[in-house]
Structure formats: C-alpha cells, structure tokens
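Here's the structure we're looking at; comments come further down.
Just so we're on the same page: letters track the sequence lines, and every chain starts at 1.
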4 protein chains.
Amino acid sequence: MTGEQARGRPRSEEARRAILNAALEIAAEEGYSALTIEGIAARAGVGKQTIYRWWPTKADVLLDAGAAKAELRVPLGDHGSYAADLRAFLTASYKMANDAALSDLLRALMAEAQLNPVFGERFRRDFLERRRDALGVIVDRARQRGDLPSRPARGVVLDLVFGTIWYRVLATRRRLDKALVDDLVAVLTDGA
Amino acid sequence: MTGEQARGRPRSEEARRAILNAALEIAAEEGYSALTIEGIAARAGVGKQTIYRWWPTKADVLLDAGAAKAELRVPLGDHGSYAADLRAFLTASYKMANDAALSDLLRALMAEAQLNPVFGERFRRDFLERRRDALGVIVDRARQRGDLPSRPARGVVLDLVFGTIWYRVLATRRRLDKALVDDLVAVLTDGA
Amino acid sequence: MTGEQARGRPRSEEARRAILNAALEIAAEEGYSALTIEGIAARAGVGKQTIYRWWPTKADVLLDAGAAKAELRVPLGDHGSYAADLRAFLTASYKMANDAALSDLLRALMAEAQLNPVFGERFRRDFLERRRDALGVIVDRARQRGDLPSRPARGVVLDLVFGTIWYRVLATRRRLDKALVDDLVAVLTDGA
Amino acid sequence: MTGEQARGRPRSEEARRAILNAALEIAAEEGYSALTIEGIAARAGVGKQTIYRWWPTKADVLLDAGAAKAELRVPLGDHGSYAADLRAFLTASYKMANDAALSDLLRALMAEAQLNPVFGERFRRDFLERRRDALGVIVDRARQRGDLPSRPARGVVLDLVFGTIWYRVLATRRRLDKALVDDLVAVLTDGA
DNA sequence: GTGTAATCGAGACGGTACGTCTCGTCTTCTC
DNA sequence: GAGAAGACGAGACGTACCGTCTCGATTACAC
C-alpha cells in the first residue's frame, strides 16, 4: 500500500516551479549571499511558509533547482580504454566547471555545506557521492579490463580528480583546460 | 624612515589581541556560523567599532587570528630528492588538515571566500597563494636537480596536491593518511 | 462597509497594549531621555520591528499612550457665564498640569515637537489643536451669550490661556494655583 | 584677589570662537537635532576634548553662542506710562521671536531644557530669569508711578506676557504681530 | 635656558542606541 | 489542508555619537 490517501489541497506544482526559478534568478543576478527566503518568496509571489514547508534551507532550494540542469551531463559510455573514458569524463566535467552560472552555483553550495553541517551531509550524499560513483564506474570498468595502474588506490583516484577540479573552481578560479585534462590522464594512466 | 608620523591615540595592542583570541575561541566553541561581530566584541570586552575599524569582515578577523598559527608549519628544507621533499611537505600538510580546530577554521574561510568575493581575493592572495609558493619552491628545486618528471606541468602539480588535500577537507571529510601521501608521491614522481 | 478586507495575520492588540504600557512606565521611572525603542521593546517583550511598524518615533508611542488618559478630562459643560465656564476649564487644566507624571509627559512631547518637525506637526494637529478647539467652544458660547469682552480677540484668548499654562509647565516649573486662575479670569472678563 | 595665577598654556580664544561659530552654523544649516559635538569639532577644526573642557553639553555651547546676539535687544527706557513701556517691550520681543534663526535657537534651547534637567536649571537661571527681570523692571516702575492695575499680580503679568510669546513660538508657530501686542497691552492695562 | 603645567589637534577606545534586515513561526482568510 | 499575506519575537547588522583616554606638539610662567 504505497498510497497514503492525500487529503486536502494538493501541493501546487506551479508554486514549486516559481520558487525554483526565482531562486536561480536571484542567485544569478545578485549572487548567492544576496539570496534570502524572503526574496525568493517575493519574487515567486509565494508565501514564505510555502518555502519552509518543502525545503529546510535556501541551499536546499538551490540544490533542488540546480539538480535537473547539472544531472546526467556526465557521459559514462565505454570508450574502449581507461584513458579514453577518463578523458571523456574530464572533458565533460570541465565544461560544467567552466559554465559561470553553474560553477557559481556549485561554489555557493559547497560553501553552504561547510557552514551548515546538516545541509553539508545532504549535499555530500545527494550530489558529491553521486559524482564519485559516476567516476567510480569508469575506474571499476578499467580494473575489470586490466587497464588500471596499481596506483593510486581507487579512492585516491576519485579524490585526486575531483579535488583538482574543485580546487580550480574554489581556489584559483582558473578555467579548466585541455592541458589540465592531458596532465591528469597522463598521471593516472602511468603516462601511457 | 618609513614612519608616517602617528597622530592621535595609538592603536591598542591589547584590544587587538583580545579580539583575535575571542574570535578563535567562539569559532572553536560554537562554530563559525555562530560567530558574530557582536559576539566577538562582547567576549573581547571591546566596542564593535574597534573591530570594524581594523577588519572589514569577521572572516578577516579569523584569517588574521589564524595566520600566526598556521604559518611556517611547513618545512621547506632540502631532503635530497623531489620525492623526499614532497613527502615531508605532504606529511606536514596533512597534520595541519587533521587538526580539527585548524581544519574547521580553513573550511570556514574557504566557504566565506566563496560567498564574499572581496574577502575571497584577500584569502587567495594572503593565504592560498603563499601556500602555493611554498610548494612551488620544492618543485623548482626538483627541476634544478633534474628530478622533476616532464608531466604534469608545474601549475598542475600545485593544483593536484592542494586540490586533493582541500577536497578531503571540504568534501569527503576523511582524514588524510600515509596511504594518500604514498599515492600522491608515487603519482607525481612517476611511481619511482 | 469601510472594511478593506484584512489580509495576513492581524495586528496584535496585546503587543500594542504592552508597548504603550512599557513606554509610559519607562518614561515615568527613568525619564523621557532614558526612553529608547530598544528599552520599550525589551520591557514589552516585543520585537523592535513591531514598534517601528506602527509608530514612527518614540514620541508618537508616548503621544498615543498618553492620549486616552489626558483626553476628556476637560469639562465643557455650560456653567451659565463666561467667567464660570473659564474658571471650570482652568481649574481642570491646572489639575492636569499639576499631575507630575502627566506634565512630565507633556514637557517631553513639547520638547520633541521642537526637535522633530514632523512629529511637531502631528503633535500640534492631534493634541494642541484639539485643546484649542475645546476652549474655543467656551469662547464661542460666551460670544453668543453676549458675555464676551470685545478684547482680546478670540485667538488671543486661546494663546493667552494656553501660553500661561504651558509657560508655567515648561519655564518656571511653578505649580498652577487658584490665584493664577482668578487673575486669568479677571483679565479675560474685564475684571468683573 | 581674583587672580588665580594662570599656569600652563592659556585657553585659545581662536578655538573658542571657532566652536561657537561652528555650532551656530550647523544649527542654522541642518537644525539643532543634527548638531553633534563631533560635528562641531570637525567643522571648527578642533579636538572634541577642547569642547568638553569648556562646555558640559552642546546646548550650553549654543546658549553661549547665542548669548551676545540675543542680549540687550530689549529696551528698558522709560516711555512715560506703563502702556507705553509695555508696548515697547512687546514690540522688541516680537521682533526677536519673528527672527527665524533666533526663534529656532530658542526653541531648541527650551526643548533641551526639558530633556536635560541640569541644563534646564542653567537655562532658566541664565536666560529665562533675566528676561523676567527685565520685564519686572517695567512692572515695578509702573507700580511706583501708580500706573499698575491691581490685577493681575506681578508674577502673573510676567507669566502671561512670556507665556503668550513662548506659546506662539513653540506651539502655534504663528508670527507675533501688532494685533497681539495691542490686545496684550489692553488686557494688562484695564483696556485703557 | 630649563623645567613644569595646562592647552591644543588628533584619533582610538568601550559603550549604547539607532533603524534595517532576515530569520523561522504564527495567525488570519481564501481556494 | 495548502496557499498568499503579513504580523510576530528574535537578534545581528553596520553606523553614528557619546564622553574618555592617550598621544605628540605648543605655549605660557617659574626658576
């Protein structure tokens, strides 16, 4: 019996969309730190309570709003070799990271994850771990192919790839480019 | 004679110390997001204006407070080889990263750097770049020794090392350990 | 049906009363210059915003708080002659002026009216003019009776009566007494 | 022997003048409530301490600054009769009261006198009582001449005259004019 | 001339209140 | 029962002034 019989007025899909759009717009136009629940409610033409009823923090609204857009852009198709798979993954990733709106969003979410431990946990589980799993598929496939160098360990590969990307996004603010991809692939595949 | 002639009552060194200590204490006890200028002022027994006079944001107070402690813990002595230098640097770094109070501080500052672009610029210049320069010394020394693999490029080495460390601190929250150091050294020195 | 349909949570009558009481209490206990919006909010157990939402300045809070008490104490009943009406009005007025709490309130409001022109306009319209109108009724009735001396002009009677009372309250701080009432009545009725 | 032998650097007459001028200028340009000790010091090019050393409050600075100007404008010459003396006094007074800058100053000082009891006492003693004494001379002279009506009592004459003037200045903000003077003289001299 | 002492401009100090902003909750009527 | 509206208690923000303090520099008189 899945069906708890819904009673009363059903949730408004229109309000939901208006909230997510408003959040993305404000974040894009004025920056994440200018984003407030009050502002979202005002722009969406929605009561504050409607937001609080469905999302615990403004970061969750944003995470929800950004989910569809960022999801599934990463190709996991088999390109025949570890190096080729890696290259495809990295290239797709750096296109995301070089999208200013998207990287601003990610930086804000990562920041919020540090400041709010409860959101941090959700962010890690719902976003970061999924990304790790995606790259993990590539690594596991390489291992099965016998394509994977003995070092570094599987976990370290993930740390190293995502660490480098995130560090450029958060710290140096330099664009990710083909040279970086080449170096990372070389390093992880024994310079083949 | 650099000396701008000081006019008026000189800055109180006592107040400065009280402010930095109070900030560190509150951040340690209650977390960065519970840190407020009002709280610092109250605990330090100081007027709020005295804080605003010398620091633009609470993050700058913390950066200043943490500066002395975090500085110079990194050994740049010559250990005879690139691998040995790297290992020493990484070992020292992960001891810092595994210090809970210190890593909490760093996570908060990195978060704030994302939310406040002006502080971000200061954080990058006054902290992150200095750390890069330190590791840069090791890489440059290796190049002179003829010890440095052709790949990855100097800049990528820095991104990769700091990226991995920061990612563990910010994203996976897993301790840095000897296995990680070993893998990083292996990867960067052609698995020697 | 005047009724603008009220939307949202209605104004809290309880908060309103708590604010007015707190303001009067603080003014009475510590004096008008020790009265602050923060203090009122704290004593009333109310957010500052709730005060700012409904009153522009602390003087307006006090004016509102004092309104009910000061109102209607002035008898306008017909005592048969101009002299008798005047005497009744003056006697009632000086009882008000000799009430320490009330005269402190009036002095503070008159002072604030000088310092803040916008409040001054409100004070004049909502308090001073109403008082003038009350005495005006007595003067007009005397004129209809044929009881009114040709001099002074109607407006000057009001200036003279209220001027004398206010001057004692503001400047000499001497109590108003029966002798003053007798002299004023004599002067205004041709010493009858 | 008045002469305490002055030791140390003597008081700067230049600073004193600069302070009084600055106070009058700011009060005239921005209004009394925008007048601050900091503002006076800044405009006068003077340290705040120099103001606090010589005047207890900003109202005292203003009282001092206005003293010379307001003083002695009131003629006490003998015009031969009580009515003529009164008329001369009132005419001079209403010219003062109709001077906008001067009446703004007086309103501010009277307001401050209500809010700050210590200044109030000084204001009463140093300004209001002197004005009463001046008019008192006229009344006393009338009594000696046998010119004075039996009513109202001497004190009430003063209350009534100054009360009416102050009330117009503080409350109705209407200009004082010849008609008022005529009515007051008539009322106080038995309509002679 | 060489103290000694009080003044001066400057500006930092510990405080307090300001008026605003946003939080997350609540209370109403409407759909 | 969900939603829009908007008032509520709470509390931090950054600013403005308060009145005090601590500097170095200046200016008088006393020795």
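Listed by residue number, there are no residues of residues 16-29 of chain A with a heavy-atom contact under 4.0 Å to DNA chain F.
Evaluation of the side chain to side chain contact (heavy atoms under 4.5 Å, CB included) rule for A:Ala111 yields B:Ala111, B:Gln114, B:Leu115 as partners, not counting sequence neighbours. Taking the side chain to side chain contact (heavy atoms under 4.5 Å, CB included) definition, one finds that C:Glu121 meets it with C:Arg124, sequence neighbours left out. By the side chain to side chain donor-acceptor pair (under 3.5 Å) test, C:Asn21 pairs with no residue at all, sequence neighbours left out. Checked against side chain to side chain contact (heavy atoms under 4.5 Å, CB included), B:Ala18 has the following partners two or more places apart in sequence or in another chain: B:Ala44. Under the rule for a side chain to side chain donor-acceptor pair (under 3.5 Å), D:Lys58 has no partner lying at least two apart in sequence or in another chain. A:Pro56 is linked by a side chain to side chain contact (heavy atoms under 4.5 Å, CB included) to A:Asp60, A:Arg122, counting only residues two or more places apart in sequence or in another chain. The ring-ring contact (aromatic ring centres under 6.0 Å, His included) check on A:Phe123 picks up A:Phe119, A:Phe127, with sequence neighbours excluded. Partners of D:Glu30 by salt bridge (charged side-chain N to carboxylate O under 4.0 Å, His left out), not counting sequence neighbours: none found.
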What's touching nucleotides 29-31 of chain E from the protein side, N or O pairs under 3.5 Å?
residue: E:dC31; atom: O2; partner: A:Arg9; partner atom: NH1; Å: 3.3

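With contacts defined as side-chain heavy-atom distances shorter than 4.5 Å, the pair A:Leu35/A:Val61 does not qualify. Between A:Trp54 and A:Ile19 the shortest side-chain heavy-atom distance does not fall below 4.5 Å.
Each of D:Ala41 and C:Pro10 has a nearest nucleotide on DNA chain E; the 5'-most of these lies closest to D:Ala41. Take the nearest nucleotide of DNA chain E for B:Gly47 and for D:Ala15: the residue whose nucleotide is more 5' is D:Ala15.
At the phosphate of F:dG14, neither OP1 nor OP2 sits under 4.0 Å from any side-chain N or O atom of B:Trp55. For the OP1/OP2 pair of F:dG9 and a distance below 4.0 Å, the side-chain nitrogens and oxygens of C:Thr50 include at least one atom meeting the criterion.
For the pair B:Trp54 CH2 and E:dG11 P, the computed distance is 11 Å after rounding to whole Å. Regarding D:Ile51, its CD1 atom lies at a distance of 12 Å from the C1' atom of F:dC17, rounded to whole Å. Rounded to a whole Å, the CZ atom of D:Arg43 is 16 Å from the P atom of E:dA10. Whole-Å rounding puts the B:Glu13 CD to F:dT22 P distance at 16 Å. When rounded to the nearest whole Å, the span between CZ of B:Arg11 and C1' of E:dA10 equals 17 Å.
Sorted by first and then second residue, the side chain to side chain donor-acceptor pair (under 3.5 Å) pairs with a member in residues 6-15 of chain C read C:Glu13-C:Arg16; sequence neighbours excluded.
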Heavy-atom protein contacts under 4.0 Å, nucleotides 17-24 of chain E, coded B base, S sugar-phosphate only, - none: SBBBBSBB
